[in-house]
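Read through the structure below, which is laid out as structure tokens, and then see the notes.
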Amino acid sequence: MNIQDTLDKAIKDGLQEIYNVAIENVEFQATRKDFEGDITVVVFPFLRVIKGNPVEIGTKLGTYLTESVPEITKFNVVKGFLNLVLSDSYFLRNFKNIYQIENFGIIDAKPNEKSVMVEYSSPNTNKPLHLGHIRNNLLGYSVAEIIKASGKKVYKTQIINDRGIHICKSMLAWQKWGNSETPESTSKKGDKLVGDYYVKFDQEYKKEILDLVAKGFTEDEAKKQAPLLLEAQQMLQKWEAGDSDVVDLWKTMNQWVYDGFEQTYKDLGVDFDKNYYESNTYLLGKDIVSEGLEKGIFFKKEDGSVWIDLTDEGLDEKIVLRSDGTAVYMTQDIGTAIQRIKDYPDVGGLVYTVGNEQDYHFKVLFLILKKLGFDWAKNLYHLSYGMVDLPSGKMKSREGTVVDADDLLLDMTNTAREISEELGKLEGYTDGEKEILFKTIGLGALKYHILKVDPKKRILFDPKESIDFQGNTGPFIQYAYARIQSILRKADFNYDDLSIIPSNLDLEDKEKSVLKQLALFPEIVQQAANNYSPAVIANYTYDLVKEYNSFYQSIPILAADDDKKKMFRVQLSKKVAVVIKGAFGLLGIEVPERM
RNA sequence: GGUGGCAUAGCUCAGCUGGAUAGAGCACCUGCCUUCUAAGCAGGCGGUCCUAGGUUCGAAUCCUAGUGCCAUCACCA
């Protein structure tokens, strides 16, 4: 039984005994730093059933608890707050429990629990990844890891948007102006090469529009009539008809892009258990729509298009099948969701990591799946996140105003290199070891910078202002880890022996603060999972490190004057390092042995 | 116009189901490297928690209305 449960019961008993009242709920909170105490009971809610002044009630209750609960050594009452001081032996016992648990805070998948599939990344194959994709990837990966750590089996997946008019645009441009360039012949990453032709298409297309407008067309007409666009549309029809030349080109260019993406994913440290391709799924869902039509969930308009009426839910009517019988995005998403559950029958819920511009789409999608009667439809979650904007506004691939993912990763590594070399603490490291370290630190700075922000908030990214390496940052936390490793390397005794964890020591306040923060980790993991929020993990880890650094600075560890103290402090340090590593693992950030 | 999201220090952000005097980091200022890594620590400066009402013992947090920014409302994805 943990201390809070013990206290909960004791307080209920106490109030029964003193005032003869039954209390349903006791409200606890961590005692604020400015007051003495470890855990605080809020007295105000008791006033509903006990008339009297809160200080008096608090005092009586405090006296009762001090006498009846051995872990409580003293108390004080400030206004309606009863601050309880816990004994050192309680803290040491608590620490011993924590120290024994190897993956403290992280729960193995429970066999009876349904799995969760997390979708993220899901790029188009006509342009390289940019900063917006980075946020998506980091969030999706991290949330997947967090859900896993909360005790569920997780599948990571993505759906690759590998077909459609936009893909044909870059294909067409390459055909016309590519001179048979390949990634090999140009030494360019495949996704970059294809992206260049997507931009090229747009430039030429705009020229054609201007020409047509000069000839007297309206702008709208010009946009629809431009020969390039017509040609791209033809190409799409050929693709859908299975024209072998078009399909071959499509396969070739997509493969270039996949090779490029694979490199970026590797650099970013994300992975997937299963990829879905739109070219395989875009026809899915049509049968479901027919079935739904029969059941009366959908209805058909005179022109043959199929809709769902969501006006009862406060939404509009939404199309699910075009009048010519072809699928829209929604049709496909319905089909893909069902396909995924078929492929992985143990999956009981899906998480979609997609920007908040698609909030409406997912609201509708989830409603439709619910109306279709799937029992897993109640476990669908749109992990909706805010856009990453530049000071100039939105990033636009076609206009070249994007922060390229590969460039940014390289920048971060370079900055880490500059700072590290200036500090010059890496004697004895080979060049290869150094490069790995610079990458770890640079990537840590970037990932932490993005993940510490609440997903639903938008991020303003100014490329001119570099990401910090000091203060509330990834490197700050990595640094704390590295310092602890240094201590552990120097500790020439067996601190892992459980039997030698001291049980009677006078603890310093700073030791207790670290311990209290450490003990929170399991509930933080659950909270992060419930809220789909890596930011919860990031903020927790930062607080832990702040507490630890304060301890580290003011209290001797290896130089402690007493062997038992030395033992405890090394053990405490080690466990902090383990939790840092575990927490950062949930964020997809690595930690260095030295820095 | 309808719907949804966001609004906290000069800047970037925390603030869990309502609880004490609203917290960090950056920037600026002051101290601390002859003891375990100073990417650190200790301290100072800095607030109309967008506005106005309401609920209550108590509101940055919940409700209503308004303001501002963003997104969305296609036989696009």
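Order of the sequence lines sets the chain letters (A, B, ...), proteins ahead of strands, with each chain counted from 1.
- The residue A:Phe81 sits close to a base: some heavy atom pair falls under 4.0 Å.
- Side-chain atoms of A:Asn83 and base atoms of B:A20 include a donor and an acceptor less than 3.5 Å apart.
- Look at B:U12: its Watson-Crick or wobble partner, with both distances under 3.5 angstrom, is B:A24.
- Looking at heavy-atom distances under 4.0 Å, A:Glu523 makes no contact with the nucleic acid at all.
- Minimum atom distance to the side chain of A:Lys79 is reached by B:U21, of the listed B:A77, B:U21, B:G19.
- For B:U72, the paired base is B:G2 (Watson-Crick or G-U wobble, both distances below 3.5 Å).
- For A:Tyr552, counting side-chain heavy atoms from C-beta on, the closest listed nucleotide (B:A38, B:U72, B:C13) is B:A38.
- Within the 4.0 angstrom heavy-atom criterion, no nucleotide atom of any strand lies near A:Ser573.
- B:C50 and B:G68 have their P atoms separated by 16 Å, with the value rounded to a whole Å.
- Spacing of C1' atoms, B:A52 relative to B:A38, comes out at 50 Å, to the nearest Å.
- At B:A14, one or more side-chain N or O atoms of A:Lys457 fall inside 4.0 Å of OP1 or OP2 (strictly under the cut-off).
- Separation of the P atoms belonging to B:C36 and B:A20 is 41 Å when rounded to the nearest angstrom.
- At a threshold of 4.0 angstrom between heavy atoms, the contacts of A:Ala535 with the nucleic acid are absent.
- Here, B:A42 and B:U48 have their P atoms 27 Å apart, quoted to the whole Å.
- Base pairing of B:U30 is made with B:A42, judged by Watson-Crick or G-U wobble geometry with both donor-acceptor distances under 3.5 Å.
- For A:Lys33 and B:G43, the NZ to P distance is 11 Å, given to the nearest whole Å.
- A:Thr473 and A:Asp468 are not linked by any side-chain donor-acceptor pair at a separation below 3.5 angstrom, with hydrogens and angles left out of the test.
- Here the closest heavy-atom approach between residue A:Leu172 and residue A:Ala232 is recorded as CD2-N, 3.7 Å.
- Backbone-only engagement by A:Glu278 is indicated by non-hydrogen atom pairs under 4.0 Å involving sugar-phosphate atoms exclusively.
- Nucleotide B:A74 holds its P atom 11 Å from the NZ atom of A:Lys301, rounded to whole Å.
- The partner of B:U67, taking Watson-Crick or G-U wobble pairs whose two distances both stay under 3.5 Å, is B:A7.
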Quick tally for nucleotides 24-30 of chain B: nucleotides whose base has a protein heavy atom under 4.0 Å get B, sugar-phosphate-only ones S, the rest -, giving SSS----
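- Listed pair A:Ser486 / B:U37 meets the phosphate criterion, a side-chain N or O lying under 4.0 Å from OP1 or OP2.
- A:Asn126 and A:Ser170 share no side-chain donor-acceptor pair at under 3.5 Å.
- Ranked by how close their nearest RNA chain B nucleotide is to the 5' end, A:Arg489 and A:Pro455 are led by A:Pro455.
- Contact check, A:Asn539 against B:A14: no side-chain N or O comes under 4.0 Å of OP1 or OP2.
- Look at NE2 on A:His382: it is 12 Å from C1' on B:U72, rounded to the nearest Å.
- Checked by distance alone, A:Thr40 brings a side-chain donor or acceptor within 3.5 Å of a matching partner on the base of B:A20.
- Straight-line distance from the CG atom of A:Leu367 to the P atom of B:G4: 14 Å, rounded to whole Å.
- For the P atoms, the distance linking B:U64 with B:G47 amounts to 32 Å, nearest Å.
- A:Asn356 places its CG atom 13 Å from the C1' atom of B:C69, with the value rounded to the nearest Å.
- Using a 4.0 Å heavy-atom cutoff across all strands shown, A:Leu82 reaches no nucleic acid atom at all.
- A:Ile441 comes within 4.0 angstrom of a base, heavy atoms only.
- Relative orientation of the A:His130 and A:His133 rings is tilted, given thresholds of 30° and 60° on the angle between their planes.
- Contact annotation for A:Pro54: no contact, since no heavy-atom pair falls under 4.0 Å across all strands.
- Listed pair A:Arg458 / B:C69 fails the phosphate criterion, with no side-chain N or O lying under 4.0 Å from OP1 or OP2.
- Two residues are said to be in side-chain contact when any heavy atoms from C-beta on lie closer than 4.5 Å; A:Arg594 and A:Gln485 fail this criterion.
- Atom CG in A:Leu47 sits about 17 Å away from atom P in B:G19, given to the nearest Å.
- Nucleotides B:A71 and B:C57 place their C1' atoms 41 Å apart, quoted to the nearest Å.
- The number of heavy atoms from other shown groups lying within 6.0 Å of CD (A:Glu590) does not exceed 12.
- Ranking B:C41, B:C76, B:C13 by closeness to the A:Phe476 side chain, first place goes to B:C41.
- Considering every non-hydrogen atom in both A:Gly474 and A:Phe584, the closest pair reads O-CE2, 3.9 Å.
- Both the sub-6.0 Å distance and the 45° axial angle are not jointly satisfied by A:Arg135 relative to the ring of A:Tyr385.
- Residue A:Leu460 places its side chain closer to B:U12 than to any other of B:C36, B:C57, B:U12.
- When the side-chain nitrogen and oxygen atoms of A:Arg483 are compared with OP1 and OP2 of B:C41, none of them lie within a distance under 4.0 Å.
- Contacts of A:Asp454 with the nucleic acid, taken as non-hydrogen atoms under 4.0 Å apart, involve only primed sugar atoms and P, OP1 or OP2.
- Atom OH of A:Tyr360 is separated from atom P of B:A74 by 7 Å (rounded to the nearest Å).
- Using N1 to N3 plus N6-O4 or O6-N4 for Watson-Crick, or N1-O2 and O6-N3 for G-U wobble, each under 3.5 Å, B:U55 pairs with nothing.
- Within the structure, every side-chain polar atom (N or O) of A:Lys363 is placed at least 4.0 Å from both OP1 and OP2 of B:G4.
- Checking side-chain atoms of A:Thr311 against main-chain N and O of A:Asp316 turns up no donor-acceptor pair under 3.5 Å.
- Remark: of the listed residues A:Phe362, A:Tyr360, A:Phe366, A:Tyr532, A:Phe362 is the sole one forming a ring-ring contact (aromatic ring centres under 6.0 Å, His included) with A:His382.
- In this structure, the ring of A:Tyr548 has its center less than 6.0 angstrom from the ring center of A:Phe551.
- We find that the ring of A:Phe35 and the base of B:A20 stack, their centres lying under 5.5 angstrom apart and their planes tilted less than 30°.
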Run A:Tyr542 and A:Phe476 through ring pair (Phe, Tyr, Trp, His ring centres under 6.0 Å) and show every step you take. CA-CA 8 Å; A:Tyr542 176 64; A:Phe476 172 91; 5.5 Å; yes
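- Along RNA chain B, the nucleotide nearest A:Gln332 and the nucleotide nearest A:Met387 are compared for position; the residue whose nucleotide lies closer to the 5' end is A:Met387.
- Here, B:C62 and B:G19 have their P atoms 10 Å apart, quoted to the whole Å.
- Distances shorter than 4.0 Å separate none of the side-chain N or O atoms of A:Arg48 from OP1 or OP2 on B:U56.
- A:Ser550 comes within contact range of the sugar-phosphate backbone alone, with a heavy-atom separation under 4.0 Å but no base atom that close.
- Not one side-chain nitrogen or oxygen of A:Lys318 sits closer than 4.0 Å to the OP1 or OP2 atom of B:A74.
- If you take CD of A:Glu465 and C1' of B:C11, they are 8 Å apart, rounded to a whole angstrom.
- A:Asn531 comes within 4.0 angstrom of no nucleic acid atom, judged by non-hydrogen atoms across all strands.
- On the P atoms, B:C16 is 16 Å away from B:U8, given to the nearest whole Å.
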